[in-house]
**Q** 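Encoded as structure tokens, here's the structure I'll be asking about.
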Amino acid sequence: MLKGKKILLGVSGSISAYKSAYIVRELIKAGAEVKVLMTSASLSFISPLTLATLSKNAVIHSFTHGDNGEWNNHVKLGFWADLMLIAPATANTIAKMANGICDNVLMATYLSARCPVMFAPAMDHDMYLHPAVQYNINLLEKRGNIKINPDKGDLASGIIGEGRLKEPEEIVKIINDFFSKKVNSPLKNKTVLITAGPTYEAIDPVRFIGNHSSGKMGYAIAQSCAERGANVILISGPVNQSVSHPNIKRIDVISAEDMFNTVEKFKSSYDIAILSAAVADYTPEISFKQKIKKKEAGDEILLKLKSTKDILGFLGKEKNNGQILVGFALETHNEKENALNKLNNKNLDMIVLNSLNDKGAGFKNDTNKITILDKNNNCIEFELKSKQAVAEDILNHVETLL
Ligand code: CTP
């Protein structure tokens, strides 16, 4: 799985930095291309010459190189990589990652990288368990960075505890599994239709009825689908999100009607549809062509709303054999019962329930807490996780239905 994979290894200043030589050796043996970035602290623990020789590439440890101070292009490096691995990741580097501190070339590259990032903490037991370090680690995981748990055992301080850098062979196995899951996904070459974000229902040219959906969940699902090799059609309401994968075709829409009309065009061509958009259920019966003026409208305005078309319900009715349809349910009470009703009434294969009663779930947050219910009567509750990790859980379950 690692053959031809481009891996950026960031090494920070821990006694376990010597293990980075073994990580590079294992990655190269498995056919990966490796470029190494080092912090200045790590130079005290292992020589760049060792890592340059093993990786067959110059090691980068400052913003410039050569007599003329040529720039080490960290942005280009970030684009180059399929994966960035920071191992060992010290408490200091983790804190910088969590806070966006850019005082070395490793951090500049981390902040520019668009690829998945893994980090393997390595430090003393008490440092690792300190609330500040745990807080930073949680923050990174919530943002979608993948933590490689440290081992328990003898530490350089003489203490026995948690904080040993995971063994290089195991780190390389985790990376291999990560790529293998993506390469062997049943979603590969499938067409996945996704709706995301809110819809805006115009009252007049300057005002609308909308909602707080950020689109983060739908965009995370689109990204994970694309990484698993699917061709994604992402129909997006107005959001402040961007896509960076070539397999994602994004179509922007504004209103529930636009979204319905766009989805309708793909009703027979999708293999899997995941409808995560927070579509307005009602829209103004009349959308005024000119701005409503206070003077003319007076003290009170009555807005008459009519219902919009239920896109999910429509796809459920039109579903062909073999098409998989996934809906979302955002509930505030009788959550499971309401979600099950939606699953059955709308002819869905699976529904993702989030409850507004769960802290950190639903709109706007970077995290979500979901329960998956499916047509085979499965009901699986998940922990609060980053929306990227939730997207992986959703797609893992979709794969079981294929
Ligand atoms: N949905 C849709 N079209 C609509 C309204 C909702 O496709 N006009 C989809 C959403 O994308 C989501 C699912 O339907 O996948 C559930 O949305 P939700 O608003 O929770 O359910 P409703 O069916 O609108 O029921 P209610 O508002 O009564 O809970």
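Whatever order the structure lists them in is the order used to number ligands and atoms, beginning at 1.
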**Q** Name the closest protein heavy atom to atom 11 (O) of ligand 1, giving the residue it belongs to and the distance to 0.1 Å.
**A**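 So the nearest neighbour among protein heavy atoms is Ala277 O, 2.6 Å.
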
**Q** Would you mind running through ligand 1 and noting each atom that sits below 4.0 Å from a heavy atom of Thr308?
**A**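 Reading through ligand 1 atom by atom, the close ones are 8 (N).
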
**Q** Any sub-3.5 Å donor-acceptor pair from Lys319's side-chain atoms to Asn347's backbone N or O?
**A**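 Yes; at least one donor-acceptor contact below 3.5 Å.
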
**Q** Using the six-membered ring wherever Trp is involved, compare the ring planes of Phe63 and His74 and label them parallel, tilted or perpendicular (cut-offs 30° and 60°).
**A**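 Correct class here is perpendicular.
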
**Q** Can a donor-acceptor pair be found between the side chains of Lys147 and Asn149 at a distance below 3.5 Å?
**A**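 Short answer, yes.
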
**Q** Would you say the side-chain atoms of Asp374 pair up with the backbone N or O of Asn376, donor to acceptor, closer than 3.5 Å?
**A**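 Yes.
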
**Q** Any atoms of ligand 1 less than 4.0 Å from a non-hydrogen atom of Lys346? List them with their elements.
**A**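 Answer for ligand 1: 14 (O), 22 (P), 23 (O).
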
**Q** Heavy-atom distance to atom 13 (C) of ligand 1: which of Tyr282, Phe314, Phe260, Phe328 wins?
**A**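 Minimum heavy-atom distance to atom 13 (C) of ligand 1 goes to Phe328.
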
**Q** Given that the side chain starts at C-beta and the backbone is N, CA, C, O, which of these parts of Ile311 lies under 4.0 Å from ligand 1, counting heavy atoms, or is it both or neither?
**A**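 Within the 4.0 Å criterion, Ile311 contacts ligand 1 through backbone and side-chain atoms alike.
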
**Q** Check whether NZ of the Lys or CZ of the Arg Lys5 lies under 6.0 Å from the centre of the six-membered ring of Phe179 and within 45 degrees of that ring's axis.
**A**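 Yes; both conditions hold, so Lys5 lies above the ring face of Phe179.
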
**Q** Students should be able to answer this: which protein heavy-atom is nearest to atom 8 (N) of ligand 1, and at what distance?
**A**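 The closest heavy atom on the protein side is Lys309 O, 2.9 Å.
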
**Q** Strictly distance-based, threshold 3.5 Å: is any side-chain N or O of His125 a donor or acceptor partner for the main-chain N or O of Glu162?
**A**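 Yes, because the side chain of His125 sits within donor-acceptor range (under 3.5 Å) of the backbone of Glu162.
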
**Q** Could you check whether any heavy atom of Met259 sits closer than 4.0 Å to an atom of ligand 1, since that is the contact criterion I want to use?
**A**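 Contact check Met259 vs ligand 1: negative.
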
**Q** Just which atoms of ligand 1 are under 4.0 Å from any heavy atom in Leu330?
**A**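 In order of number, 20 (O).
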
**Q** Short question: side chain of Ser276, backbone of Thr195 - any donor-acceptor pair under 3.5 Å?
**A**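 Yes.
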
**Q** How far is atom 4 (C) of ligand 1 from its nearest protein heavy atom, and which residue and atom name does that atom have?
**A**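 Scanning the protein heavy atoms, the shortest distance from atom 4 (C) of ligand 1 goes to Val279 CB, 3.5 Å.
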
**Q** When only distance counts, is Glu331 in polar contact with ligand 1, meaning an N/O pair under 3.5 Å?
**A**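 Among all N and O atoms of Glu331, none is under 3.5 Å from an N or O of ligand 1.
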
**Q** With heavy atoms under 4.0 Å as the rule, classify the contact between Lys342 and ligand 1 as side chain, backbone, both or neither.
**A**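 For Lys342, only side-chain atoms sit under 4.0 Å from ligand 1.
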
**Q** Can you check atom 22 (P) of ligand 1: any protein non-hydrogen atom closer than 4.0 Å?
**A**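 There is a protein heavy atom less than 4.0 Å from atom 22 (P) of ligand 1.
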
**Q** With only distance considered, is Leu312 within less than 3.5 Å of ligand 1 through an N or O on each side?
**A**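 Yes, there is a polar N/O contact under 3.5 Å.
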
**Q** Ignoring hydrogens and geometry beyond distance, is a side-chain donor-acceptor pair present between Thr50 and Tyr18 at under 3.5 Å?
**A**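 Per modelled atom types, Thr50 and Tyr18 side chains form no pair under 3.5 Å.
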
**Q** Determine whether any heavy atom of Ala256 lies closer than 4.0 Å to an atom of ligand 1.
**A**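 No, that is not the case, since the closest heavy atom of the residue is not under 4.0 Å from the ligand.
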
**Q** Give me the nearest non-hydrogen protein atom to atom 27 (O) of ligand 1 as residue plus atom name, then the distance to 0.1 Å.
**A**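 Residue, atom and distance for the closest contact: Asp281 OD2, 3.1 Å.
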
**Q** Compute the shortest N/O to N/O distance between Gly327 and ligand 1 and return yes if it is under 3.5 Å, no if not.
**A**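 No: no nitrogen or oxygen of Gly327 is under 3.5 Å from one in ligand 1.
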
**Q** Applying a heavy-atom cut-off of 4.0 Å, say which part of Asp310 lies close to ligand 1: side chain, backbone, both or neither.
**A**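 It is both parts that get close, each with some atom under 4.0 Å.
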
**Q** With a 3.5 Å distance limit and no angle check, can you tell me whether Arg143 reaches the backbone of Ala98 through a side-chain donor-acceptor pair?
**A**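 Between the backbone of Ala98 and the side chain of Arg143 there is a qualifying donor-acceptor contact (under 3.5 Å).
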
**Q** What's the shortest distance from atom 15 (O) of ligand 1 to any protein heavy atom, and which residue and atom give it?
**A**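 Its nearest protein heavy-atom neighbour is Leu275 O, 2.5 Å.
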
**Q** Okay, side chain of Asn354, backbone of Ile370: is any donor-acceptor separation there less than 3.5 Å?
**A**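 Not a single qualifying donor-acceptor pair exists.
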
**Q** Ignoring hydrogens and angles, state whether a donor on the side chain of Glu227 or Gln223 is under 3.5 Å from an acceptor on the partner side chain.
**A**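 Yes, side-chain donor-acceptor contact under 3.5 Å.
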
